[in-house]
Amino acid sequence: MLEAAKRYAQAHADADGVAVTPISGVTVVRQTSPSALQYAVSKPLVALVLQGAKRVTVGSDTFDFGAGESLLITADVPTVSQITRASVREPYLSLVFDLDSAVIESLVVEMGPTPFLAGAPVRVDPTEMEVADAALRLLRLLDRPASLLILEKQLIRELHFWLLLGRHGGAIRKLGVPESHVQRVGRAVALIRDNLAKPLRVEQLAAAAGMSQSSFHEHFRAVTSLSPLQFQKQLRLIEARRLMLADGQMISNAAYAVGYESIPQFTREYGRMFGLPPARDMKAAKMRLRTVA
């Protein structure tokens with residue numbers, strides 16, 4: 001699997017080291033040096049690390065993992081990640097699969113009821129043999145486009161099946177159960193994402209989730225590890241940083257675009273989250289880019 005992923009990434013990776021495949025929801029990530037901190041709100045996924053090592057932090061929990069291990073994320077959560085081991089000779093390589101709730105729901109119906117497992121939305125464990133085998137057969141189809149058209153869906157389904165049978169199948173299963181707490185909280189998360197610059201009241205979010213306010217607070221934190229306000233704030237700051245880095249927007253424009261009315265407040269909260277105020281953070285990012293170039 002390492003050799004197959006390496007060949008595809010070398011031929012197709014973009015400037016950020018991401019090689020999007022023709023298989024829906026499947027990407028290969030390749031980096032030839034340790035990275036700076038990366039901030040994102042990750043959607044449910046599983047990442048199989050094939051070479052190198054990475055660190056991911058969610059709230060107060062930090063996970064260090066490497067080749068032969070998999071990162072599982074079962075909710076929309078803000079993450080801070082960093083590739084910690086990579087080189088030109090042995091680049092960091094991982095295979096990332098988005099978890100498909102429709103596929104999971106179909107499998108859950110066929111597999112029948114099983115107790116749910118409680119736990120954090122992010123976890124790391126050794127990659128299970130059946131998952132690795134299905135992933136390898138899927139990768140091999142990238143060299144056979146005609147076969148890919150016919151076999152892609154059933155292999156994606158098989159991959160989800162083995163994940164559901166694995167040690168964290170209960171956590172994944174919740175993604176495919178209609179009206180589960182995970183799906184209800186997901187509707188509130190979607191509302192926050194779609195209205196990033198607008199003030200949202202807790203009662204609006206609770207109504208979207210179909211819960212009382214007290215129940216909503218409890219389940220939102222259980223699913224995402226954050227309160228709704230903390231989640232919205234982190235999402236706004238991550239998007240503002242992206243606007244400044246990727247789109248070159250001025251600090252004030254980025255702050256207003258994500259709903260801040262006070263630049264001093266934005267600067268304070270940005271510094272607390274990213275470790276540097278916006279201007280210094282952008283300067284440091286530009287220096288890193290020049291160094292890499």
Side-chain angles (χ1 to χ4, degrees), residues 25 39-47 56-63 70-81 96-109 111 113-125 160 163-164 166-239 242 258-259 269 273:
Y39 300 83
V41 176
S42 298
K43 293 185 176 182
L45 59 81
V46 60
V56 172
T57 299
V58 180
S60 59
D61 297 322
T62 296
F63 304 85
S70 292
L71 169 73
L72 175 68
I73 299 179
T74 56
D76 297 67
V77 289
T79 60
V80 182
S81 62
V96 182
F97 299 90
D98 293 341
L99 293 174
D100 189 323
S101 60
V103 173
I104 295 169
E105 183 174 345
S106 172
L107 286 168
V108 165
V109 171
M111 294 169 69
T114 299
F116 288 171
L117 299 178
V122 177
R123 60 207 80 194
V124 170
D125 276 295
H160 282 75
L163 287 168
L164 282 165
R167 58 176 59 86
H168 293 305
I172 298 171
R173 175 178 287 260
K174 289 186 288 187
L175 293 170
V177 177
E179 294 305 300
S180 68
H181 293 144
V182 171
Q183 286 210 355
R184 290 185 177 193
V185 168
R187 293 202 294 267
V189 168
L191 187 62
I192 294 173
R193 284 181 179 274
D194 293 341
N195 298 273
L196 199 56
K198 298 178 182 177
L200 291 172
R201 300 188 304 276
V202 173
E203 51 264 37
Q204 289 176 273
L205 298 173
M211 300 178 182
S212 67
Q213 290 187 44
S214 59
S215 178
F216 174 69
H217 268 285
E218 176 186 349
H219 291 299
F220 193 97
R221 185 177 285 278
V223 170
T224 68
S225 76
L226 297 168
S227 72
L229 181 61
Q230 289 171 327
F231 186 94
Q232 182 190 51
K233 182 184 296 184
Q234 290 197 19
L235 189 60
R236 283 177 167 178
L237 291 170
I238 289 169
E239 175 60 11
R242 187 197 68 79
V258 299
E269 294 182 353
M273 181 166 179

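Between Ile172 and Thr74 there is a side-chain heavy-atom pair separated by less than 4.5 Å. Under the 4.5 Å side-chain criterion, counting only non-hydrogen atoms from C-beta, Arg184 is not in contact with His219. Taking 4.5 Å as the limit, every side-chain heavy atom of Lys174 sits out of range of all side-chain heavy atoms of Val223. Side-chain atoms of Asp98 and Lys43, non-hydrogen and from C-beta on, never get closer than 4.5 Å to each other. Residues Pro78 and Phe231 form a side-chain contact, since some pair of their non-hydrogen atoms from C-beta on lies under 4.5 Å apart. Side-chain contact between Leu72 and Asp125: absent, with no pair of heavy atoms (C-beta onward) separated by less than 4.5 Å. Using a 4.5 Å cut-off on side-chain heavy atoms (C-beta onward), Leu235 and Val189 make no contact. You'll find the side chain of Val80 stays beyond 4.5 Å of the side chain of Met273, heavy atoms only.
Considering every non-hydrogen atom in both Phe216 and Val202, the closest pair reads CD2-CG1, 4.2 Å. Counting all heavy atoms, side chain and backbone alike, Pro228 lies closest to Leu205 at CB-CD1, 4.1 Å. Ile104 and Leu164 make their closest contact through CG2-CD2, 4.2 Å (heavy atoms, listed as atom of the first residue, atom of the second, distance). Between Asp76 and Arg193 the shortest heavy-atom distance is OD2-NH2, 3.4 Å. The two residues Ile192 and Phe220 make their nearest non-hydrogen contact at CD1-CZ, 4.3 Å. Considering all non-hydrogen atoms of both residues, Val77 and Thr224 come closest at CG1-O, 3.4 Å.
Atoms NE2 and OG, on His160 and Ser106 in that order, are 11.0 Å from each other to the nearest 0.5 Å. Atom CD in Gln234 sits 9.5 Å away from atom OG1 in Thr79 (nearest 0.5 Å). The CG atom of Leu71 sits 6.5 Å away from atom CG of Leu45, with the distance rounded to the nearest 0.5 Å.
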For a side-chain contact (heavy atoms from CB on, under 4.5 Å) check, start with the C-alpha distance between Met111 and Arg173, then their side-chain angles and the critical distance, and finish with the verdict.
CA-CA 10 Å; Met111 294 169 69; Arg173 175 178 287 260; 4.0 Å; yes
side-chain contact (heavy atoms from CB on, under 4.5 Å) for Asp61 and Val122? Distances and angles first, verdict last.
CA-CA 9 Å; Asp61 297 322; Val122 177; over 6 Å; no
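With sequence neighbours left out, Leu229 forms a side chain to side chain contact (heavy atoms under 4.5 Å, CB included) with Ser227, Gln232. In this structure Glu203 satisfies the salt bridge (charged side-chain N to carboxylate O under 4.0 Å, His left out) test together with Arg201, sequence neighbours excluded.
Side-chain atoms of Asp100 come within 3.5 Å of backbone N or O of Val103 as a donor-acceptor pair.
Note on Arg242 versus Glu239: salt bridge recorded, some NZ/NE/NH1/NH2 to OD/OE distance being below 4.0 Å.
Within the structure, the salt bridge (Lys or Arg N to Asp or Glu O under 4.0 Å) test picks out no pair touching residues 216-225 (sequence neighbours left out).
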